[in-house]
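Read through the structure below, which is laid out as structure tokens, and then see the notes.
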Amino acid sequence: MSGMPSERNKVVCLGRIYCDIIFTGLREMPVLGQERFAQNVTITGGGGAYITAAHLASLGRPAALLTRLGTDPLSRGLDAELAASGIDLSFIERSDDAGPQPTVALVMDGERAFVSRRAGGSRPSTLEQALAARDVAHLHIAEFATLRDNPDVIALARSLGLTISLDPSWDDHLIRQDAGFFEICAGIDVFFPNVEEGRALTGESSAETIMHSLRERFPLVVLKRGESGAMASSQAGSVSAEAIPVDVVDTTGAGDAFNAGFLHSWLETRDIEKSLAAGVESGALSVQSAGGAPSRQF
């Protein structure tokens, strides 16, 4: 049985959108004063909100992107990809101060390094309109930075009958130093950290103790463990799933793809074991190509 009426089945994904410039095939990471050359480069849309929405759309789940996007050439360069994504783009706010927002990703031997730029504010003028849309069932917040800037969004979403999920998304300053993290997150239904974020938030080292600590704060915790798979824990119990062996090209956005697979299943079934398996499958699909969003022609 579905957790929501069939006419309310859309997921709104809130967060910044980036232009990802992903270098793969590096033999060495760069150091100050020296140049390195990559075998390949991929330029694509990025950011957890876009990547999760794109994977939801590819799974057949209606998804809308709630974000601000610049008018500069780098931001405009994403237009064709966004149009081909299958995502509802009607809640994107265009603004001169919202870009450019590039992310440069360097990928070598499964490890990644990133440099990103944030531009302008994170609150789209369309936020209230998007959450109040009659077909919306769920709000996915793709980064804690956006939630911290807009802490009222949880109460607003709950007042409209929506369920809410959060991927904290790594930010060294916010994750390690924001003393109000858990207070701001109060009301989140599904929490999607990875192991590194879980360690920083709880001070615990093992996956089991991280889960135990976070379950005191959130009703459903889904811990992403990379090549070790994933775990989920709720009042109904705890489950785990192994990773699917695949040839890894680029892990950028794999966690956001996982979120999409999990949410698509969970919104229909509320079954955390089936949803965990669906998340692992989506994550495994994502890492087999460069960039986080599903490959499309545009």
Side-chain angles (χ1 to χ4, degrees), residues 20 22 24-26 42 44 46-48 51-56 58-59 61 105-114 140 142-143 165-170 175 190-202 204-215 218 220-234 236-295:
D20 283 359
I22 305 166
T24 55
L26 283 163
T42 300
T44 183
I51 294 172
T52 297
H55 279 275
L56 284 165
S58 74
L59 292 167
R61 168 73 56 176
L106 306 176
V107 182
M108 188 184 77
D109 298 332
E111 296 297 328
R112 302 167 295 160
F114 301 92
H140 176 66
E143 57 181 3
S165 56
L166 170 68
D167 186 319
S169 188
W170 182 261
I175 297 295
V190 187
F191 187 52
F192 283 113
N194 62 29
V195 171
E196 290 76 15
E197 292 155 356
R199 285 173 180 154
L201 288 169
T202 66
E204 303 290 349
S205 56
S206 71
E208 290 75 14
T209 54
I210 291 170
M211 289 289 281
H212 179 75
S213 179
L214 291 176
R215 270 285 291 122
F218 301 97
L220 173 55
V221 178
V222 185
L223 186 67
K224 294 170 285 189
R225 305 175 64 199
E227 63 183 13
S228 298
M231 303 169 63
S233 180
S234 71
S238 299
V239 295
S240 61
E242 298 294 326
I244 299 172
V246 294
D247 292 328
V248 177
V249 174
D250 174 27
T251 58
T252 301
D256 301 308
F258 174 100
N259 297 345
F262 187 97
L263 286 172
H264 179 56
S265 173
W266 183 76
L267 288 168
E268 287 294 325
T269 68
R270 293 301 196 269
D271 185 314
I272 63 172
E273 185 171 9
K274 290 181 179 178
S275 301
L276 198 65
V280 168
E281 184 176 353
S282 289
L285 178 64
S286 173
V287 301
Q288 296 178 68
S289 60
S295 298

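Index from 1, following the sequence.
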* Structure fact -> dist E143:CD -> L166:CG (nearest 0.5 Å) comes out at 9.5 Å
* Structure fact -> On a heavy-atom basis, the closest approach of S282 and G261 is OG-CA, 3.3 Å
* Asked: Considering all heavy atoms of both residues, which atom of L263 and which atom of S165 are nearest to each other, and what is their separation?
  -> CD1-OG, 3.7 Å
* Return the minimal non-hydrogen interatomic distance between P294 and A54, and the atom names on each side. => CD-CB, 3.6 Å
* Interatomic distance, M211 atom CE to S206 atom OG [nearest 0.5 angstrom] -> 11.0 Å
* Asked: Can you name the ring pair (Phe, Tyr, Trp, His ring centres under 6.0 Å) partners of F258, sequence neighbours left out?
  -> none
* **Under the side-chain contact (heavy atoms from CB on, under 4.5 Å) test, residues paired with R112 that sit two or more places apart** => V107, F114, D250, T251, T252
* For the residue pair H140 and F192, categorise the inter-ring angle as parallel (less than 30°), tilted (30 to 60°) or perpendicular (more than 60°). => perpendicular
* **Pairs flagged by side-chain hydrogen bond (donor to acceptor under 3.5 Å, both in side chains) wherever residues 255-265 is involved - sequence neighbours left out** => R61-H264, D167-N259, K224-N259, S265-S275
* To do: For A207, check side-chain contact (heavy atoms from CB on, under 4.5 Å) against everything at least two apart and list the hits.
  => L223, R225, M231
* Structure fact -> What one should report as the nearest heavy-atom pair of D271 and E273 is OD1-N, 3.0 Å
* Report yes if some heavy atom in the side chain of T24 is under 4.5 Å from a heavy atom in the side chain of T42; otherwise report no. => no
* Polar side-chain atom of S58 near backbone of H55 as donor-acceptor pair, under 3.5 Å -> yes
* To do: Begin from the C-alpha positions of W266 and L220 and carry the test side-chain contact (heavy atoms from CB on, under 4.5 Å) through to its verdict.
  => CA-CA 11 Å; W266 183 76; L220 173 55; 3.6 Å; yes
* Partner residues of S238 under the side chain to side chain donor-acceptor pair (under 3.5 Å) criterion, sequence neighbours left out -> S233
* To do: Heavy atoms only: give me the nearest I272-F262 pair and the separation to one decimal.
  => O-CE1, 4.1 Å
* Does D20 reach the main-chain N or O of I22 with its side chain, forming a donor-acceptor pair under 3.5 Å? -> no
* E242 atom CD, neighbour heavy-atom count above 12 within 6.0 Å -> no
* **Any residue meeting side-chain contact (heavy atoms from CB on, under 4.5 Å) with E204, in chain and number order, not counting sequence neighbours** => T202, T209, I210, S213
* Measure across A284 and V246 and return the closest heavy-atom pair with its distance rounded to 0.1 Å. => O-CG2, 3.9 Å
